[in-house]
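These notes are about the structure you will find just below.
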Amino acid sequence: MKNIILIGMPGSGKSTLGVLLAKIAGFSFLDSDLLIQSKVGKKLYRILEEDGADYFKSVENDVNSQIDVTDTVIATGGSVVYGKQAMAHLKSIGTVVYLKVSLDELLRRINNMATRGIVKKPNETFKDLYRERTGLYEKYADVIVECEDADLNINAEKVAKALGLSL
């Protein structure tokens with residue numbers, strides 16, 4: 001396996017679960033949101049506030065299209081699925097895993113919506129975003145793993161098993 005690419009809604013556990021999964025797999029870990037922040041020199045929510053969602057999505061597509069690693073768990077931002085180039089590239093360098101979590105569980109997990117850097121239209125609710133993105137996550141996923149459990153270790157083990165990794 002070349003890389004493991006994690007996609008899913010904000011709060012699905014991509015970054016935190018990704019670190020645990022990297023340990024299980026013996027892989028490196030990369031968070032593409034940190035690459036975006038480094039490239040632009042601002043936190044995600046500041047990019048969205050100051051430069052707008054279209055600019056953010058353009059940078060996100062560009063950054064994710066240029067990731068060149070192997071044996072790495074890559075945690076992407078929740079909006080990566082809007083970038084066709086990025087998703088084509090990510091699928092070409094690894095296995096895309098959708099961390100599927102119910103809307104109710106996501107709302108329970110997320111308590112910092114304003115500073116989280118979530119790409120959405122001005123009047124769009126998190127529920128609207130969930131409905132819009134679910135089909136995209138399913139479209140691009142090679143593997144879908146239900147990650148409802150509050151224990152990240154259990155979810156990481158579920159992903160590892162789904163990928164055939166030995167625990």
Side-chain angles (χ1 to χ4, degrees), residues 1-38 44 57 60-61 63-113 116-120 126-167:
M1 186 177 308
K2 296 183 273 188
N3 296 296
I4 300 167
I5 297 99
L6 304 178
I7 63 172
M9 286 293 290
S12 63
K14 298 178 302 289
S15 295
T16 47
L17 186 150
V19 171
L20 297 171
L21 188 60
K23 288 180 183 177
I24 291 169
F27 279 17
S28 297
F29 175 76
L30 181 131
D31 187 325
S32 69
D33 279 348
L34 297 178
L35 294 178
I36 293 166
Q37 288 182 168
S38 178
L44 301 180
K57 287 192 275 188
E60 182 176 44
N61 188 49
V63 166
N64 282 282
S65 295
Q66 295 178 34
I67 292 174
D68 183 20
V69 294
T70 54
D71 298 332
T72 301
V73 173
I74 303 167
T76 63
S79 55
V80 72
V81 291
Y82 295 130
K84 290 180 181 177
Q85 288 173 299
M87 290 310 302
H89 173 68
L90 292 169
K91 285 183 76 67
S92 76
I93 64 167
T95 302
V96 177
V97 180
Y98 168 30
L99 305 181
K100 187 174 184 174
V101 180
S102 70
L103 178 60
D104 288 342
E105 178 62 18
L106 290 170
L107 290 171
R108 191 190 68 70
R109 291 180 188 181
I110 297 177
N111 55 13
N112 57 343
M113 197 80 74
R116 193 146 179 136
I118 298 174
V119 176
K120 63 182 193 68
F126 192 78
K127 185 177 185 177
D128 295 335
L129 204 59
Y130 181 84
R131 287 184 182 144
E132 177 182 293
R133 291 185 184 175
T134 298
L136 292 171
Y137 295 136
E138 290 173 354
K139 171 185 172 182
Y140 288 116
D142 296 310
V143 177
I144 298 173
V145 181
E146 299 274 344
C147 291
E148 287 292 308
D149 204 288
D151 186 328
L152 288 170
N153 288 305
I154 291 172
N155 290 331
E157 288 173 10
K158 284 183 188 176
V159 174
K161 286 179 186 172
L163 295 170
L165 300 173
S166 58
L167 299 175

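Quick note: numbers below take in every heavy atom, side chains included, and nothing from hydrogens, waters or symmetry partners.
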Atom pairs and distances, side-chain donor-acceptor, residues 153-167, under 3.5 Å, sequence neighbours left out:
| unit_1 | atom_1 | unit_2 | atom_2 | d |
| --- | --- | --- | --- | --- |
| Asn155 | ND2 | Asp149 | O | 2.7 |
| Lys158 | NZ | Glu146 | O | 3.4 |

Pair up each side-chain donor or acceptor in residues 13-29 with any protein partner under 3.5 Å, not counting sequence neighbours, and list the distances.
| unit_1 | atom_1 | unit_2 | atom_2 | d |
| --- | --- | --- | --- | --- |
| Lys14 | NZ | Gly8 | O | 2.9 |
| Lys14 | NZ | Met9 | O | 3.0 |
| Ser15 | OG | Asp31 | OD2 | 2.7 |

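Judged as a side-chain contact (heavy atoms from CB on, under 4.5 Å), and not counting sequence neighbours, the contacts of Glu138 are Tyr98, Lys100, Thr134, Ile144. Judged as a salt bridge (charged side-chain N to carboxylate O under 4.0 Å, His left out), and not counting sequence neighbours, the contacts of Arg108 are Glu105. The side-chain hydrogen bond (donor to acceptor under 3.5 Å, both in side chains) test applied to Ser79 returns Glu60, not counting sequence neighbours.
Remark: side-chain polar atoms of Asn3 are paired, donor with acceptor, to backbone N or O of Asp71 under 3.5 angstrom. Checking side-chain atoms of Gln85 against main-chain N and O of Asn61 turns up no donor-acceptor pair under 3.5 Å. Not one N or O on the side chain of Ser65 forms a donor-acceptor pair closer than 3.5 Å with the backbone of Val63. Judged by distance alone, with hydrogens and angles left aside, the side-chain atoms of Ser38 form no donor-acceptor pair with the main-chain N or O of Leu35 at under 3.5 Å. The main-chain N or O of Arg133 is never found under 3.5 Å from a side-chain atom of Tyr82 such that the two would form a donor-acceptor pair.
The environment of Asp68 atom CG is sparse: at most 12 non-hydrogen atoms of other residues, nucleotides or ligands sit within 6.0 angstrom.
Considering CG of Asn64 and CD1 of Ile7, their distance stands at 11.5 Å, rounded to 0.5 Å. Here Ile74 contributes atom CD1 and Leu6 contributes atom CG; the two are 9.0 Å apart, rounded to the nearest 0.5 Å. In this structure, CZ in Arg109 is found 6.5 Å from CD in Glu148, a value given to the nearest 0.5 Å. To the nearest 0.5 Å, atoms CD1 (Ile118) and CZ (Phe126) are separated by 5.5 Å.
Smallest separation of non-hydrogen atoms from Ile5 and Gly94: CD1-CA, 3.6 Å. Closest of all the heavy-atom pairs between Cys147 and Ser12 is CB-O, 4.5 Å.
Applying the salt bridge (charged side-chain N to carboxylate O under 4.0 Å, His left out) rule to pairs touching residues 82-96 yields Lys91-Asp142, sequence neighbours excluded.
For the pair Val80/Ser32, no side-chain contact is recorded, criterion being any heavy-atom separation below 4.5 Å from C-beta on.
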Does the side chain to side chain contact (heavy atoms under 4.5 Å, CB included) test come out yes or no for Val96 and Met87, once each step is laid out?
CA-CA 9 Å; Val96 177; Met87 290 310 302; 4.3 Å; yes
